[in-house]
Amino acid sequence: MGLDSIPLQKSVYQRRQSILKELALHNYRDVSVLAQKLGVSEHTIRRDLKVMEDGELVQRTWGGAIFLGTQDPYVSNLAAKERIAKVAA
């Protein structure tokens, strides 16, 4: 079994960016949906949401989270940044 067959884990930063992107697109997501989509445990998602709530990016709810919006330059204009990244790649 080579290294190519081992799935790579997303970094914490990448995972949290993915969570914010999902919440920005849908405004609300269940913890279970995020966990399944990102391939991590619900506990990991809850931990990430706690950090993001402390940073006032999301509001945790019973079983999920609501996107509060952000002025974070890493998250704002995400769609445009993704298009630029695809062209640059």
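The basis for the numbers below is simple: all heavy atoms, side chains too, and nothing from hydrogens, waters or symmetry mates.
Annotation: salt bridge (charged side-chain N to carboxylate O under 4.0 Å, His left out) contacts involving residues 36-45, sequence neighbours excluded, comprise E22-K37, E42-R46.
Within the 4.5 Å cutoff, the side chain of V58 has heavy atoms near those of the L20 side chain. Here the side chains of H43 and R47 are in contact, with some heavy-atom distance below 4.5 Å.
The nearest pair of heavy atoms linking R29 to L23 is N-CD2, 3.6 Å. When all heavy atoms of L49 and A65 are compared, the pair lying nearest together is CD2-CB, 3.7 Å.
Atom-to-atom distance recorded for M52:CE and L68:CG is 11.0 Å, nearest 0.5 angstrom. Going from atom CZ of R15 over to atom CD1 of I45 covers 6.5 Å, rounded to the nearest 0.5 Å.
Note on V31: it does not cluster hydrophobically with V33, by side-chain heavy-atom contacts below 4.5 Å among ILVMFWY residues.
In the hydrophobic clustering, I66 connects to Y28, either directly or through intervening members, whenever side-chain heavy atoms lie under 4.5 Å apart.
Shown here are the side chain to side chain donor-acceptor pair (under 3.5 Å) partners of S41, two or more places apart in sequence or in another chain: T44.
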